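Just so you know, these numbers come straight off a predicted model, no measurement behind them.
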Amino acid sequence: MLPPRNPDERLKARGTETRPDGRFEPYQRVRESDGWDIPEDSRLLRTEVVTERPRSIITRNTSPDISFDRSINPYRGCEHGCIYCYARPTHAWLGLSPGLDFETKITAKPDAAVLLARELARPSYRPAPIALGTNTDPYQPVESRLAIMPGILRVLSDWNHPVTLVTRGQTVLRDLPLWAELAAKDMAAVGVSITTLDADLARAMEPRAPAPATRLRMIRELSAAGVPVRVMVAPVIPVLTEPEIEAILAAAREAGATTASMIPLRLPLEVAPLFRDWLDRHRPGMAAHVMNRVGAMRGGRDNDPRFGHRFRGEGTFADLARQRFRLARRRLGYRNEGAALDCSRFGPPPRAGEQLSLF
């Protein structure tokens with residue numbers, strides 16, 4: 001059961017209203033009245049950003065479910081506040097709540113570009129596409145002020161290193177020249193996540209993420225600049241957004257997306273009670289129906305973490321959604337897979353005064 005909302009906090013455009021303790025905390029904090037009816041001054045809960053100075057920036061993984069083995073996340077936590085975000089449980093590792101803390105207490109890594117250049121320069125390094133945005137969005141609102149991403153992209157371009165991105169943040173358009181520069185060398189691909197085309201639903205479910213129309217504009221401008229764009233119909237929420245699969249694919253294709261993918265809703269660890277609470281507050285008449293369908297796709301549970309299953313789901317409803325997606329993707333002329341990114345030109349940038357030979 002989730003703790004009640006703090007009445008002394010005023011919330012504006014937040015995904016959740018509560019701050020449950022993380023799963024590693026030995027104690028739970030519960031507000032209790034002391035019997036003194038003294039009114040407290042309420043305060044608007046604002047986003048706090050702290051700085052982290054890690055010793056390395058590239059994260060490695062060996063998961064059989066994903067196509068990349070390395071990634072960079074310039075931020076921990078995400079101000080977009082998407083209620084269903086699978087990354088919320090990672091805040092528990094910091095001793096923070098996967099609820100409100102995840103979307104209001106952000107950790108930034110301003111030295112990311114310097115660390116990246118240092119790691120690429122190691123003699124033992126072997127290139128393969130680096131994935132950005134795999135945990136939290138590198139183009140979340142705070143990026144417009146901190147501008148960590150341009151340095152990362154500049155290093156990658158200087159070293160001729162391929163990169164992929166998953167985002168729903170419109171600040172990506174600020175860096176359009178850098179993305180176009182990488183794409184011109186077959187070294188970049190961008191995925192734009194669209195959950196729904198319903199602006200009101202998006203505002204409630206993804207309160208500080210760009211509206212659906214803005215994300216379609218992002219696809220349009222990235223594509224026009226020569227950047228290959230994948231539309232990611234993710235997550236597909238049974239009953240709530242599932243009816244929009246074909247409409248999202250059609251709108252994204254018209255905007256210029258050339259490939260597409262979909263992932264059914266995942267509710268790992270602390271995300272499940274947060275999502276259930278959101279349904280009860282925002283879609284009470286559909287809550288039971290949505291969660292029954294989720295259970296039908298996840299072996300009777302809120303979540304199935306098994307490799308090979310967590311990104312696909314199982315059962316009749318999951319199979320039907322995949323079939324609808326495949327048929328619409330084929331009808332709309334999407335490619336099955338994006339072009340392979342070029343790793344063959346990886347190498348250190350020329351020193352000052354040197355010219356880079358192309359032959």
Asker: Got a sec, which residues hit side-chain contact (heavy atoms from CB on, under 4.5 Å) with Arg53, two or more places apart in sequence or on another chain?
Answerer: Thr51, Pro110, Asp111
Asker: Using 0.5 Å steps for rounding, measure from the CD1 atom of Ile57 to the CD1 atom of Ile152.
Answerer: 6.5 Å
Asker: Is it true that Arg168 and Glu206 have a side-chain N and a carboxylate O under 4.0 angstrom from each other?
Answerer: yes
Asker: Does Asp137 offer a backbone N or O that forms a donor-acceptor pair with the side chain of Gln140 under 3.5 Å?
Answerer: yes
Asker: Does the pair Arg46/Glu9 count as a salt bridge with the N-to-O cut at 4.0 Å?
Answerer: no
Asker: First locate atom CZ of Arg5, then atom OG1 of Thr16, and finally report the distance between them rounded to the nearest 0.5 Å.
Answerer: 10.0 Å
Asker: Considering non-hydrogen atoms only, spot the tightest contact between Arg174 and Ser144 and give its length.
Answerer: NH1-CA, 3.9 Å
Asker: Taking Arg298's backbone N and O only, do any of them form a donor-acceptor pair with Asp304's side chain (distance below 3.5 Å, no angle check)?
Answerer: no
Asker: I'd like to know if the side chain of Trp278 and the backbone of Ala204 have a donor-acceptor N/O pair within less than 3.5 Å.
Answerer: yes
Asker: Would you list the atom pairs, donor with acceptor, under 3.5 Å between side chains in residues 331-338 and any protein atom, with sequence neighbours excluded?
Answerer:
{"unit_1": "Tyr334", "atom_1": "OH", "unit_2": "Leu249", "atom_2": "O", "d": "2.6"}
{"unit_1": "Tyr334", "atom_1": "OH", "unit_2": "Arg253", "atom_2": "N", "d": "3.0"}

Asker: For Ser261 and Arg329, does a side-chain donor sit closer than 3.5 Å to a side-chain acceptor?
Answerer: no
Asker: For Asp8 and Ser42, does a side-chain donor sit closer than 3.5 Å to a side-chain acceptor?
Answerer: no
Asker: Side-chain contact, heavy-atom cut-off 4.5 Å: Cys82 with Met205?
Answerer: no
Asker: Less than 3.5 Å apart, which donor and acceptor atoms pair up between the side chains of residues 178-185 and the rest of the protein, not counting sequence neighbours?
Answerer:
{"unit_1": "Trp179", "atom_1": "NE1", "unit_2": "Tyr139", "atom_2": "OH", "d": "3.1"}
{"unit_1": "Glu181", "atom_1": "OE2", "unit_2": "Arg154", "atom_2": "NH2", "d": "2.4"}
{"unit_1": "Glu181", "atom_1": "OE2", "unit_2": "Ser157", "atom_2": "OG", "d": "2.4"}
{"unit_1": "Lys185", "atom_1": "NZ", "unit_2": "Ser157", "atom_2": "O", "d": "3.0"}
{"unit_1": "Lys185", "atom_1": "NZ", "unit_2": "Ser157", "atom_2": "OG", "d": "3.2"}
{"unit_1": "Lys185", "atom_1": "NZ", "unit_2": "Asn160", "atom_2": "OD1", "d": "2.8"}

Asker: Quick one: do Arg208 and Glu103 make a salt bridge, cutoff under 4.0 Å?
Answerer: no
Asker: Distance-only, no hydrogens or angles: does the Thr90 side chain make a donor-acceptor pair with backbone N or O of Ala87 under 3.5 Å?
Answerer: yes
Asker: Is there side-chain contact between Pro89 and Arg23, with at least one heavy-atom pair below 4.5 Å?
Answerer: yes
Asker: Which pairs of donor and acceptor atoms, one on a side chain in residues 122-133, lie under 3.5 Å apart (sequence neighbours left out)?
Answerer:
{"unit_1": "Tyr125", "atom_1": "OH", "unit_2": "Arg70", "atom_2": "NH1", "d": "3.0"}
{"unit_1": "Tyr125", "atom_1": "OH", "unit_2": "His161", "atom_2": "NE2", "d": "2.6"}
{"unit_1": "Arg126", "atom_1": "NH1", "unit_2": "Pro123", "atom_2": "O", "d": "3.0"}

Asker: Restricting to non-hydrogen atoms, name the atom on Ala257 and the atom on Ser223 that form the minimum distance, rounded to 0.1 Å.
Answerer: N-OG, 4.1 Å
Asker: Leu146: what forms a side-chain contact (heavy atoms from CB on, under 4.5 Å) with it, not counting sequence neighbours?
Answerer: Val49, Tyr75, Ala108, Val142, Ile148
Asker: Return the CD1 to CE distance between Ile248 and Met232, rounded to the nearest 0.5 Å.
Answerer: 12.5 Å
Asker: Can you tell me how far the NZ atom of Lys105 sits from the CD atom of Glu48, to the nearest 0.5 Å?
Answerer: 4.0 Å
Asker: Any donor and acceptor pair, going by atom type alone, linking the side chain of Asn6 with main-chain N or O of Thr18 inside 3.5 Å?
Answerer: no
Asker: Taking the basic N atoms (NZ, or NE/NH1/NH2) and the acidic carboxylate oxygens, is any pair closer than 4.0 Å for Asp280 and Arg276?
Answerer: no
Asker: Can you measure from OH (Tyr86) to OG1 (Thr136) and round to the nearest 0.5 angstrom?
Answerer: 8.5 Å
Asker: Quick one: do Glu242 and Arg324 make a salt bridge, cutoff under 4.0 Å?
Answerer: yes
Asker: So which heavy atom on Val155 is nearest to which on Ala113, and how close?
Answerer: CG2-O, 3.7 Å
Asker: Would you say the side-chain atoms of Arg230 pair up with the backbone N or O of Ser193, donor to acceptor, closer than 3.5 Å?
Answerer: no
Asker: Quick check: closest heavy atoms across Gly99 and Pro20, and the distance to 0.1 Å?
Answerer: CA-CD, 4.0 Å
Asker: Between the side chain of Thr241 and the main-chain N/O of Ile237, is any donor-acceptor distance below 3.5 Å?
Answerer: yes
Asker: Specify the closest pair of heavy atoms between Phe317 and Ala296, including all atoms of both residues, with the distance to one decimal.
Answerer: CD1-CB, 3.8 Å
Asker: Tell me which one of Arg10, Arg281, Lys12 satisfies salt bridge (Lys or Arg N to Asp or Glu O under 4.0 Å) with Glu17.
Answerer: Arg281
Asker: Take Asp302 and Phe275 through the test side-chain contact (heavy atoms from CB on, under 4.5 Å) and record every step on the way to the result.
Answerer: CA-CA 10 Å; Asp302 287 345; Phe275 184 73; over 6 Å; no
Asker: Donor-acceptor pair, distance only, cut-off 3.5 Å: does the side chain of Asn73 make one with the backbone of Asn135?
Answerer: yes
Asker: Rounded at 0.5 Å granularity, tell me how far CD1 in Ile72 sits from NZ in Lys109.
Answerer: 9.5 Å
Asker: Is a donor from one side chain sitting under 3.5 angstrom from an acceptor on the other, for Asp198 and Thr196?
Answerer: no
Asker: Counting only N and O atoms by type, is there a donor-acceptor contact under 3.5 Å from the side chain of Arg203 to the main-chain atoms of Ala209?
Answerer: no
Asker: Which residues pass the side-chain hydrogen bond (donor to acceptor under 3.5 Å, both in side chains) test with Arg217, sequence neighbours left out?
Answerer: Gln170, Glu221
Asker: Which atoms form the tightest heavy-atom contact between Met297 and Pro238, and what is the distance?
Answerer: CE-CG, 3.3 Å
Asker: Would Arg88 and Phe102 count as a cation-pi pair here, with the cationic atom under 6.0 angstrom from the ring centre and within 45° of the axis?
Answerer: no
Asker: Does a donor on one side chain sit under 3.5 Å from an acceptor on the other, for Thr167 and Arg215?
Answerer: no
